[in-house]
Amino acid sequence: EVINVDTNWELIEKQPLENLPPQANPENLAYIIYTSGSTGKPKGVQIMHKSLVNCLESMQQKPGITSNDTLLSVTTLSFDIAALELYLPLITSASLVIVSREIASDGIELIRSIEENQATIMQATPATWRLLLTAGWKGNQQLKVLCGGEALDINIAEELLKLSKEVWNLYGPTEATIWSAVAECRDVKFNVSRIHEEDVIFNLPTKTVPIGKPINNTQFYVLDDNLQPVPIAVPGELYIGGGGLAKGYLNKPELTEERFILNPFSSSTPSSPSKIYKTGDLVRYLPSGDLEYLGRIDYQVKLRGFRIELGEIESTLIQHPQVKQAVVRLYKNNDDEKLIAYLISSSEISQTDLRQFLQDKLPGYMIPSSYMMLEEFPLTPNRKIDRKALPIPEANRPNLDNYVKPSSEIEREIAQIWQQVLQVEKIGIHDNFFDLGGHSLSMVKVHSQLREKFSSNIPLVEMFRHPTISALVKYFSNIDDESSRKNNSRDEQVSAGKERLKQRLNRRKN
């Protein structure tokens, strides 16, 4: 309805001057926000007033905000964490400074904005904090750093601790209203050493900061596929209950029923059902009671009959001292399926080095076929890693600069088998089988053909240990030499035995 102030003024004057009585109640919707669709189709999440108030009042206490603070808002309005940046200062009389998208995505400009506005609190994703560090941010000892949206790398947390007043790691799905857990990184180095001590007992390799414990009026449940609680250190899916839960998905009753299930650990009635939200996040309890985020269950893939957690490969890759970030995806091209690892590293790393590093830590079927080095990962507008925008790998080709043509008969025969299995026209004796696009299943095919071709019972594990034609031929040569030595030794033993028997017979005759 269009209200024309000039022509309708007489009518407007007759309206009451008092404020309208409040119409909203805690169950009414505060807003509907659509998820990014990074793990499926976008869906509208219905957030109630009581859920939003619960999050804001908990955040007001921890990490904490007062009327003396200035919060610098850098988050796009399409990301639900922007609600905290807008409303938290308003309910506490703190100052709010909203920066433009251009400034928020420019490291140098963002540094200048922090200083000019004398910001004391800033919330951002790990990608934005990394952007600041890369731009040469010298730090601000009055700034409280809030980091969330993705797993916080320990190295980033350590750098931020040196440059700021406090660092807080935040976690929460949109369906549980902005944030559901907080963890203060007061002394990350101490925490890392403590976690490593626990690693020895519980085998908990980690390179990310724990997401901590639930906020006020929020319950966490780490459950297996049968909705049973799992022990400490055992991965399980996180379910969230309590005051932060959304009403459900807009116009999607089936999906709402699938993801917001009845709480099996709490009594509920038809008029007052107790629900828990199935997050799809894989976590585990540390002995301290803190939760560690392990990745998305949505990132579980099936490759050649094996179920693989991509997050497990990623967490193993970032244990390499030169790897800063890692993302792994399953790439499908017709009938060909393979794992691709995308890496950001501090220096050049060869695929062979990476593969050898992983071979000691992961089974063969979990080792990526290809590795792509990137300067930065593509990001969504919310500054999360955009997995769908990762570059498509090019077909693997032999290194022609280091190409050495097969010369002996056995080298040529092995090369022909490789060419047939890998669909590569030209293969040198120093080309790595896996660098050419090979994987565990194709290695099994090669292994079968080699056994048939050479009538030799070659252990499959030796094929993985000798991934070049030259190494494989050398292995065959050593086997032949060893076999020859054994045969010669056996002949010598037989001759010596015959000679000893002959001597005994002569002594008896004498």
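Please read all numbers here as calculations on a predicted model, not as lab measurements.
- For the pair Met48/Leu29, a side-chain contact is recorded, criterion being any heavy-atom separation below 4.5 Å from C-beta on.
- Here Ala124 pairs with Val74, Met122, Thr128, Trp129 under the side-chain contact (heavy atoms from CB on, under 4.5 Å) rule; sequence neighbours left out.
- In this pair, Phe220 and Tyr171 present their aromatic rings perpendicular. The plane angle is above 60°, beyond the 30 to 60° band.
- For Gln359, the side-chain contact (heavy atoms from CB on, under 4.5 Å) partners are Arg355, Gln356, Ile367, not counting sequence neighbours.
- Proximity of Pro235 to Leu294: side-chain heavy atoms (C-beta onward) are separated by under 4.5 Å at one or more points.
- Residues meeting the side-chain hydrogen bond (donor to acceptor under 3.5 Å, both in side chains) test with Gln46, sequence neighbours left out: none.
- Gln60 and Thr92 share no donor-acceptor pair across their side chains, judged by distance under 3.5 Å alone.
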* **Audit row: Met59, Val182, side-chain contact (heavy atoms from CB on, under 4.5 Å) steps and yes/no** => CA-CA 9 Å; Met59 292 291 112; Val182 297; 3.5 Å; yes
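- Glu237 contributes a side-chain N or O that, together with a main-chain N or O of Gly280, makes up a donor-acceptor pair within less than 3.5 Å.
- Remark: side-chain polar atoms of Gln123 are not paired, donor with acceptor, to backbone N or O of Leu72 under 3.5 angstrom.
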* To do: Take Trp137 and Leu160 through the side-chain contact (heavy atoms from CB on, under 4.5 Å) test and state the conclusion after the steps.
  => CA-CA 10 Å; Trp137 184 46; Leu160 292 174; 4.0 Å; yes
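- Judged by distance alone, with hydrogens and angles left aside, the side-chain atoms of Thr70 form no donor-acceptor pair with the main-chain N or O of Thr120 at under 3.5 Å.
- With Asp106 contributing its side chain and Glu102 its backbone, the two residues share no donor-acceptor pair below 3.5 Å.
- Without hydrogens or angle criteria, Asn54 side chain to Ser51 main chain gives no donor-acceptor distance under 3.5 Å.
- In terms of the ring-ring contact (aromatic ring centres under 6.0 Å, His included) criterion, residue partners of Tyr277 (sequence neighbours excluded) are, by chain and number, Phe260.
- Distance OG1/Thr177 to CG/Asp80: 8.0 Å, rounded to 0.5 Å.
- Scanning both residues, Ser78 and Ile33, for their nearest heavy atoms gives O-CD1, 3.8 Å.
- Residues Ala326 and Leu343 share a closest heavy-atom pair of CB-CD2, 3.6 Å.
- Distance alone, capped at 3.5 Å, is enough to place a donor-acceptor pair between the Glu314 side chain and the Val328 backbone.
- Scanning both residues, Thr66 and Ala94, for their nearest heavy atoms gives O-CB, 3.3 Å.
- Note: Leu161 CG to Ile156 CD1 = 12.0 Å, rounded to the nearest 0.5 Å.
- Taking Phe79 as the reference, nothing meets the ring-ring contact (aromatic ring centres under 6.0 Å, His included) condition, with sequence neighbours excluded.
- For Gln322 and Ser347, the side-chain atoms include at least one donor-acceptor pair closer than 3.5 Å.
- Around atom CD of Gln118, no more than 12 heavy atoms belonging to other residues, nucleotides or ligands sit under 6.0 Å away.
- Pro368 has its side chain within reach of Leu358: a pair of non-hydrogen atoms, C-beta onward, lies under 4.5 Å apart.
- For the pair His320 and Leu354, the minimum side-chain heavy-atom distance is below 4.5 Å.
- Glu116 places no side-chain N or O within 3.5 Å of a backbone atom of Ile114 that could act as its donor or acceptor partner.
- Taking CD1 of Ile344 as the start and CD1 of Ile318 as the end, the distance is 12.0 Å to the nearest 0.5 Å.
- In this structure, CD1 on Ile178 lies 5.5 Å from CG on Leu56, to the nearest 0.5 angstrom.
- Listed here is the closest heavy atom pair of Asn28 and Gln23: OD1-O, 3.9 Å.
- Between Gln325 and Ile385, some side-chain heavy-atom pair lies under the 4.5 Å cut-off.
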* Verdict with supporting geometry, Ile98 and Leu86, side-chain contact (heavy atoms from CB on, under 4.5 Å) -> CA-CA 9 Å; Ile98 302 175; Leu86 298 179; 3.9 Å; yes
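- Between Asn432 and Gln351, every side-chain heavy-atom pair lies at or beyond the 4.5 Å cut-off.
- Take Tyr31 and apply the ring-ring contact (aromatic ring centres under 6.0 Å, His included) test, not counting sequence neighbours, and it matches no residue.
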* Start with the C-alpha gap between Glu184 and Lys62, add the side-chain angles, then the distance that decides, and say whether side-chain contact (heavy atoms from CB on, under 4.5 Å) holds. => CA-CA 9 Å; Glu184 184 178 5; Lys62 185 190 291 188; over 6 Å; no
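- Considering only residues two or more places apart in sequence or on other chains, Glu109 meets the side-chain hydrogen bond (donor to acceptor under 3.5 Å, both in side chains) condition with Arg112.
- Proximity of a side-chain donor or acceptor of Thr218 to a complementary backbone N or O of Asn216 within less than 3.5 Å is detected.
- Closest of all the heavy-atom pairs between Leu52 and Ala30 is CD2-CB, 4.0 Å.
- Considering all non-hydrogen atoms of both residues, Ile211 and Tyr293 come closest at CG2-CB, 3.9 Å.
- By the ring-ring contact (aromatic ring centres under 6.0 Å, His included) test, Tyr221 is found to be paired with Phe265, residues two or more places apart in sequence or in another chain being considered.
- Side chain of Asn226 to backbone of Gln228: no donor-acceptor contact under 3.5 angstrom is found.
- Distance alone, capped at 3.5 Å, places no donor-acceptor pair between the Lys361 side chain and the Gln319 backbone.
- For Glu166, the side-chain hydrogen bond (donor to acceptor under 3.5 Å, both in side chains) partners two or more places apart in sequence, or in a different chain, are Trp168.
- Remark: Asn25 CG is packed, more than 12 non-hydrogen atoms of other residues, nucleotides or ligands lying under 6.0 Å away.
- A 4.5 Å side-chain heavy-atom check between Val45 and Tyr34 finds every atom pair outside the cut-off.
- In this structure the side chain of Val234 never reaches within 4.5 angstrom of the side chain of Asp224, judged on heavy atoms.
- For Glu254, there are no side-chain contact (heavy atoms from CB on, under 4.5 Å) partners, not counting sequence neighbours.
- Here the CG-CD distance, from Leu110 to Glu115, works out to 10.0 Å after rounding to the nearest 0.5 Å.
- Residues satisfying the side-chain hydrogen bond (donor to acceptor under 3.5 Å, both in side chains) criterion with Ser67, sequence neighbours excluded, are absent altogether.
- Rounding to the nearest 0.5 Å gives a distance of 9.0 Å between CD1 of Ile81 and CG of Leu146.
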For residues 239-251, which side-chain donor-acceptor pairs fall under 3.5 Å, sequence neighbours excluded?
unit_1, atom_1, unit_2, atom_2, d
Tyr239, OH, Lys278, NZ, 3.4
Tyr249, OH, Glu175, OE2, 2.7

